Asker: 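First the structure, which I've put down as structure tokens, then a few questions once you've had a look.
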Protein chains: 2
Amino acid sequence: MPAQTSHKPPQRGLRADARENRDRILRAAREAFATQGIDVPVAAIARRAGVGVATLYRRFPTRDALVTEAFAEQLGHCVSVLDEGLADPDPWRGFCTVVERVCLMQAADRGFTQAFLTEFPDQADFARERSRAEEGLALLIRRAKEAGALRQDFEPGDVTLLLLANCGVTSGAGEEAATASRRLAAYLLHAFRADAAAPLPRPARLGLERIHA
Amino acid sequence: MPAQTSHKPPQRGLRADARENRDRILRAAREAFATQGIDVPVAAIARRAGVGVATLYRRFPTRDALVTEAFAEQLGHCVSVLDEGLADPDPWRGFCTVVERVCLMQAADRGFTQAFLTEFPDQADFARERSRAEEGLALLIRRAKEAGALRQDFEPGDVTLLLLANCGVTSGAGEEAATASRRLAAYLLHAFRADAAAPLPRPARLGLERIHA
DNA sequence: GGGTAAACGGACGCCCCTCTCCGTTTGAGC
DNA sequence: GCTCAAACGGAGAGGGGCGTCCGTTTACCC
């Protein structure tokens, strides 16, 4: 079989106007989701993009498909943030950076946050990205522990915990979202430090996939 | 004027069957909200209560009125938890108890949590309870600081921060909600301790009323 | 037990959202 | 420039939730 050309198949072979419209729809969707939340009617997105609803549905057969595609970019961004964190010679600093950046991404995009909280289209693409993210994260955590910076009883599910917590904060805090998110991250990162160790209750069994349960 | 007899006016003077039905509706609503979330259709609540929709709407003229009334009990419970915390001779322990208990209440009731996160009917009753809660909380915080247990740069908005964070966790963690909530509370309470002090970013301006912005 | 106002319940109107159908327009190759 | 498949867009079908109307039933009082 031919090497699968990235995960954006339906771009090639489209007529010029169709491709243009497809881009406008995606841009409009991202804007709408970010500002109005993930529940904006499809019609509103179409209007914002300057196309008819039928055009939108021709490219994205269902609402979920559009949501998925619209957030693929953000998801990719998350992964690259993680890569940067892994590249940092100081694993603790790398870990902190990842957490802070992702939290701020959530704070800046209401739709992205909601997508985390509510059930989400579990497309195949996402599963792949997610498992990559899980591996990278586990590696970063292991390194940070070995460096003696991250507490020993920390575990990967605690990252999910933090992300969910941040979802709540960013959904609820309105315009203060970014400030609140920063403060939450600071508090939690502080509690995660090894030198802050004090007994913890047993961990929740939260994988990254649990997020969309 | 006659002393206002608590804040449950429309109980007296109802016909026996009507009062019975009213209670069943409230019970059904609380169950439905707790298990299915705050978005259950009114019709489902009516069915569960064994009454027609019209009967429901006769007692609770709008959906929001029903939600408000259904959660009044929980809100009262929160306040009494706070009172208990205030009664503890050790203000830090009192503070921890309040936080942990309220977090677990949220974890146990999906609807209550959602009501925190999403916009909420700002009924007059609630404003009163809320300001009482704010005062009590501020007092508890002041005492805990004076006792040297709570960090000096902690501020009331951080309680809102914690509650919102817990909302996110409990909405997202499914059956692990209680476990996750406990762990989050432990982490944050730990970070709130005075002996854990490290510089924080500037606080978010979150009052309790901000929760429903 | 009989009269009456209160309470009941289901059917219905209204609105909004998702997705489809179909007649019209347009880009691309010759 | 001509042809035609590809793309377009608006109108509308289908479904669901909120709140109301109105004919029927029932508790309470005498």
Side-chain angles (χ1 to χ4, degrees), chain A residues 9-29 31-33 35-71 110-111 114-115 118-121 123, chain B residues 9-29 31-33 35-71 110-111 114-115 118-121 123:
Chain A
Q11 197 93 354
R12 230 195 176 87
L14 279 187
R15 230 168 63 178
D17 54 346
R19 182 154 61 246
E20 159 80 5
N21 277 338
R22 187 174 187 282
D23 286 354
R24 301 214 327 217
I25 290 168
L26 271 180
R27 235 175 303 137
E31 285 171 21
F33 290 149
T35 57
Q36 331 249 111
I38 210 175
D39 289 327
V40 279
V42 171
I45 296 174
R47 206 176 322 119
R48 187 189 278 252
V51 304
V53 264
T55 299
L56 193 157
Y57 276 103
R58 200 168 305 110
R59 294 296 151 241
F60 308 96
T62 169
R63 178 198 175 76
D64 278 356
L66 175 60
V67 173
T68 304
E69 189 74 20
F71 286 121
R110 190 172 158 192
Q114 279 180 294
T118 66
E119 66 236 279
F120 204 72
Q123 299 279 70
Chain B
Q11 195 95 353
R12 230 198 175 85
L14 279 188
R15 231 167 64 176
D17 54 346
R19 183 154 62 244
E20 159 81 4
N21 278 337
R22 187 173 188 280
D23 286 353
R24 300 207 338 210
I25 291 169
L26 272 180
R27 235 176 302 138
E31 283 171 22
F33 290 150
T35 59
Q36 330 250 110
I38 209 175
D39 289 327
V40 279
V42 172
I45 296 173
R47 206 176 322 120
R48 187 188 276 254
V51 303
V53 263
T55 300
L56 194 158
Y57 277 106
R58 199 167 307 108
R59 294 297 152 240
F60 307 96
T62 169
R63 179 199 174 75
D64 277 357
L66 176 60
V67 174
T68 305
E69 189 74 19
F71 285 121
R110 189 170 159 194
Q114 279 181 294
T118 65
E119 65 235 281
F120 204 74
Q123 299 278 70

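Throughout, a chain's letter reflects where its sequence line sits, starting with A, and its residues are numbered from 1. Source: prediction; values computed, not measured.
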Asker: Could you tell me the separation between the CZ atom of A:Arg58 and the P atom of C:dT25, rounded to a whole number of Å?
Answerer: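 A:Arg58 atom CZ is separated from C:dT25 atom P by 15 Å.
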Asker: Classify every nucleotide of nucleotides 24-30 of chain D by which part a protein heavy atom approaches to under 4.0 Å, writing B for the base, S for the sugar-phosphate alone and - for neither, in 5'-to-3' order.
Answerer: --BSS--
Asker: Can you sort out the partners of B:Thr62 under side chain to side chain contact (heavy atoms under 4.5 Å, CB included), two or more places apart, ordered by chain and number?
Answerer: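 B:Asp64, B:Ala65.
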Asker: How would you list, by chain and number, every residue that makes a side chain to side chain contact (heavy atoms under 4.5 Å, CB included) with A:Arg110, sequence neighbours excluded?
Answerer: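 Partners of A:Arg110 under the side chain to side chain contact (heavy atoms under 4.5 Å, CB included) test: A:Gln114.
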Asker: Mind checking what makes salt bridge (charged side-chain N to carboxylate O under 4.0 Å, His left out) contact with A:Arg15, not counting sequence neighbours?
Answerer: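 With neighbours one apart ignored, the set is A:Asp17.
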Asker: Between atom CG in B:Asn21 and atom P in C:dA6, what is the gap in whole Å?
Answerer: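 Atom-to-atom, B:Asn21 to C:dA6, this comes out as 17 Å.
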Asker: Taking only residues two or more places apart in sequence or in another chain, which ones pass side chain to side chain donor-acceptor pair (under 3.5 Å) with A:Arg63?
Answerer: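 So A:Arg63 forms no side chain to side chain donor-acceptor pair (under 3.5 Å) with any residue.
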Asker: Rounded off to whole Å, could you give me the CG-to-C1' distance for the B:Leu66 and D:dG17 pair?
Answerer: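 It works out to 15 Å between those atoms.
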Asker: Tell me, do A:Thr35 and A:Glu31 make a side-chain contact under 4.5 Å, heavy atoms counted?
Answerer: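 No, too far: nothing below the 4.5 Å cut-off.
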Asker: Quick one: closest heavy-atom pair of B:Gly111 and B:Phe71, and the distance?
Answerer: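 Scanning both residues, the minimum pair turns out to be C-CZ, 3.5 Å.
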Asker: Just so I know, are the side chains of A:Asn21 and A:Arg59 near enough to count as touching, which here means a heavy-atom distance under 4.5 Å?
Answerer: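 With C-beta onward as the side chain, the pair stays apart.
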Asker: Taking only residues two or more places apart in sequence, or in another chain, which ones meet B:Gln36 in a side chain to side chain donor-acceptor pair (under 3.5 Å)?
Answerer: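 Partners of B:Gln36 under the side chain to side chain donor-acceptor pair (under 3.5 Å) test: none.
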Asker: Tell me: CZ of B:Phe60 to C1' of C:dA7, nearest whole Å?
Answerer: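 Rounded to the whole Å, the gap is 15 Å.
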Asker: What are the two closest non-hydrogen atoms of B:Ala28 and B:Arg48, and how far apart are they?
Answerer: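 In terms of heavy atoms, the two residues are closest at O-CD, 3.5 Å.
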Asker: Taking DNA chain C as the partner, which of residues 44-51 of chain A come within under 4.0 angstrom of it by heavy atom?
Answerer: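 Close to the strand, none.
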Asker: Figure out the CG/P separation between B:Leu56 and C:dA11, and round it to whole Å.
Answerer: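 Rounding to the nearest Å, CG of B:Leu56 and P of C:dA11 are 17 Å apart.
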Asker: Determine whether B:Phe33 and B:Ile45 make a side-chain contact, defined as any pair of heavy atoms from C-beta on separated by less than 4.5 Å.
Answerer: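 Result yes, sub-4.5 Å side-chain heavy-atom pair found.
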Asker: Using the C1' atoms of five pairs at each end, what's the angle between the two axes of the helix from C:dG1-D:dC30 to C:dC30-D:dG1, to 10 degrees?
Answerer: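 Axis-to-axis angle, ends of the helix: 10°.
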Asker: Please report the C-alpha distance between A:Arg58 and A:Thr55 in whole Å, then the side-chain angles of each, then the deciding distance to 0.1 Å, and finally whether the side chain to side chain contact (heavy atoms under 4.5 Å, CB included) criterion is met.
Answerer: CA-CA 5 Å; A:Arg58 200 168 305 110; A:Thr55 299; 4.0 Å; yes
Asker: Is the shortest side-chain heavy-atom distance between A:Phe60 and A:Leu26 below 4.5 Å?
Answerer: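 A:Phe60 reaches A:Leu26 side chain to side chain.
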Asker: As an exercise, state the distance from CD1 of B:Ile25 to CD of B:Glu69, rounded to the nearest 0.5 Å.
Answerer: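 Reported value, rounded in 0.5 Å steps: 11.5 Å.
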Asker: When you measure from the side-chain N and O atoms of B:Thr55 to the phosphate of C:dG9, is any distance below 4.0 Å, counting only OP1 and OP2?
Answerer: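 Yes, within the criterion.
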Asker: Polar-atom pairs under 3.5 Å, protein N or O versus N or O of nucleotides 17-19 of chain C: list them with distances, or write none.
Answerer:
from: C:dT18; atom 1: OP1; to: A:Arg63; atom 2: NH1; distance (Å): 2.5
from: C:dT18; atom 1: OP2; to: A:Val42; atom 2: N; distance (Å): 3.0
from: C:dC19; atom 1: OP1; to: A:Thr62; atom 2: OG1; distance (Å): 3.3
from: C:dC19; atom 1: OP2; to: A:Tyr57; atom 2: OH; distance (Å): 3.3
from: C:dC19; atom 1: OP2; to: A:Arg63; atom 2: N; distance (Å): 3.0

Asker: With a non-hydrogen cut-off below 4.0 angstrom, is A:Ala18 in contact with a base, only sugar-phosphate, or nothing?
Answerer: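 Sugar-phosphate, no base atom in range.
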